[in-house]
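Okay, so here's the structure we're looking at.
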Amino acid sequence: MATVLDPAGAPAADERRPDRRGKSAPPGGRRRFLPPLLAISPFYALFAVFGAFPVVFSMYLSFQDWDGIGDMRFVGLKQYGWLFQDTVFWHAVLNTFEIWFLSTVPMLFLALVLAFLLHSQVRFAGAYRVAYFIPNVTSMVAMTIVFGSVFAQAGLANAVLRTVGLDGIGWLSSEWGIKSSVSIMIIWRWVGYNALIFLAGIQAIPTEHFEAARVDGATSRQTLFRVVVPQLRPVVLFAAVTSTINGLQIFTESQVLFQSTDVGTTGGPGQEGMTIVLYLWQKAFKEHQFGYGAAMGWLLFAIIAVFTIINWRLVSGSDRDDRRPGIAGLLRRKGARDGR
């Protein structure tokens with residue numbers, strides 16, 4: 001095969017040298033990937049040091065008995081066995097689930113309603129969106145200190161109750177008062193964040209669906225639950241999963257809310273505000289039982305994984321709602337007919 005020569009007698013400039021497999025090698029070879037790999041390498045280096053290594057080391061540490069200074073002593077699965085016999089730990093698990101239920105369910109419902117209202121023709125909607133998101137970026141410690149004064153025995157909450165003729169509540173001294181106080185703080189912080197997520201999902205729904213519901217005479221309540229909610233299933237799933245993960249890792253609210261009485265180590269009177277992460281912090285960083293704390297962290301990971309799967313199954317479900325009567329089913333079947 002003749003080689004094309006330029007006027008100077010050298011091979012053409014665009015002629016590529018074939019590699020060993022007979023294919024033309026791209027200019028630069030594999031070295032052309034080096035600049036982009038170097039550009040993203042700092043992230044992976046930081047992740048390996050501050051992300052991957054702590055996770056792997058905590059797994060190794062959960063099988064060791066270590067106070068953070070002396071030598072490690074391998075104990076195998078004994079740490080996990082001690083956890084199953086620890087009554088305080090299971091009390092913290094129960095508290096965490098109760099606070100999670102009291103906060104997550106109302107918070108998601110309020111967020112959905114607020115998002116639906118913001119989607120309607122409301123004046124100053126942009127200002128409302130900013131106001132709803134501000135609690136999420138507010139310092140959790142500062143917010144907890146403020147709520148601590150609100151829920152004090154002579155605080156604003158009881159003052160309002162006495163104004164309407166009701167007795168004051170021991171927000172920070174009774175079992176359900178403590179759980180309700182922590183739940184209210186969680187709702188206040190996350191309802192605006194989830195409302196904006198739901199609003200983005202509602203705005204992605206075609207306007208023809210709302211117009212069809214309006215023509216059929218659907219009320220706002222029917223539009224919300226029969227048009228919006230069925231089509232927000234992926235968004236609801238995301239919000240439910242993230243809320244579950246955050247709700248089972250409650251720490252700052254309980255730790256700061258009762259720091260004036262017991263330095264935040266027991267979660268208030270009767271340990272009614274003790275959560276899993278607060279108990280983990282107490283054992284690991286106050287009593288220097290780092291192996292026990294690591295085992296507790298991995299058991300919490302297993303609990304979160306199980307509840308995430310449950311949420312996935314409950315929220316994602318199947319397509320059975322397509323066969324149900326109602327506006328949503330009619331709209332889905334109408335869309336399927338129009339697509340043929």
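Everything numeric in this text was worked out from a predicted model, so none of it was measured. Side chains included, hydrogens not; waters and symmetry mates left out as well; all remaining heavy atoms used. Nothing fancy with the numbering, it's 1 onward along the sequence.
Apart from L34 itself, the hydrophobic cluster it occupies contains L38, where clustering links Ile, Leu, Val, Met, Phe, Trp and Tyr at side-chain heavy-atom distances under 4.5 Å. Under a 4.5 Å side-chain heavy-atom criterion applied to ILVMFWY residues, the cluster that includes F50 comprises L46, V49 as well. Within the hydrophobic cluster formed by Ile, Leu, Val, Met, Phe, Trp and Tyr side chains joined at under 4.5 Å, directly or through other members, L102 is accompanied by W176.
No side-chain donor-acceptor contact under 3.5 Å links Q271 and H91.
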Next on the checklist: Could you go through L83 and Q79, starting from their C-alpha distance and side-chain angles, then the distance that decides it, and tell me whether this counts as side-chain contact (heavy atoms from CB on, under 4.5 Å)?
Outcome noted: CA-CA 6 Å; L83 272 177; Q79 308 267 28; over 6 Å; no
Checklist entry - Going through the distances and angles, do Y80 and S62 end up as a side-chain contact (heavy atoms from CB on, under 4.5 Å)? => result CA-CA 8 Å; Y80 296 93; S62 66; 2.9 Å; yes
N/O donor-acceptor pairs under 3.5 Å from side chains in residues 66-77, not counting sequence neighbours:
unit_1: W66; atom_1: NE1; unit_2: G70; atom_2: O; d: 2.7
unit_1: D67; atom_1: OD1; unit_2: I69; atom_2: N; d: 3.0
unit_1: D67; atom_1: OD1; unit_2: G70; atom_2: N; d: 2.9
unit_1: R73; atom_1: NH2; unit_2: D65; atom_2: OD2; d: 2.8

Anything under 3.5 Å between a donor and an acceptor, one on a side chain of residues 235-249, the other on a protein residue two or more places apart or in another chain? List them.
unit_1: T242; atom_1: OG1; unit_2: F238; atom_2: O; d: 2.9
unit_1: T242; atom_1: OG1; unit_2: A239; atom_2: O; d: 3.1
unit_1: S243; atom_1: OG; unit_2: A239; atom_2: O; d: 2.7
unit_1: T244; atom_1: OG1; unit_2: A240; atom_2: O; d: 2.7
unit_1: T244; atom_1: OG1; unit_2: N311; atom_2: ND2; d: 2.5
unit_1: N246; atom_1: ND2; unit_2: T242; atom_2: O; d: 3.1
unit_1: Q249; atom_1: NE2; unit_2: I245; atom_2: O; d: 3.0

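Side-chain N or O atoms of N95 include one that pairs as donor or acceptor with a backbone N or O of M274 at under 3.5 Å. A distance-only check finds a donor-acceptor pair linking the side chain of S181 to the backbone of W171 [under 3.5 Å]. Between the side chain of Q85 and the backbone N or O of W82 there is no donor-acceptor pair closer than 3.5 Å.
Qualifying side-chain hydrogen bond (donor to acceptor under 3.5 Å, both in side chains) partners for T104, counting only residues two or more places apart in sequence or in other chains: W100.
Checked against W188 for a ring pair (Phe, Tyr, Trp, His ring centres under 6.0 Å), the options Y132, F147, Y193 give a single hit: F147.
In this structure, F89 has its ring center at least 6.0 angstrom away from the ring center of F84.
Pairing each heavy atom of A92 with each of Y279, the nearest pair is CB-CB, 4.4 Å.
Taking the six-membered ring where the residue is Trp, F57 and F53 present parallel rings, their angle staying beneath 30° rather than reaching 60°. Taking the six-membered ring for Trp and thresholds of 30 and 60 degrees, F109 and F225 have nearly parallel ring planes, at less than 30 degrees apart.
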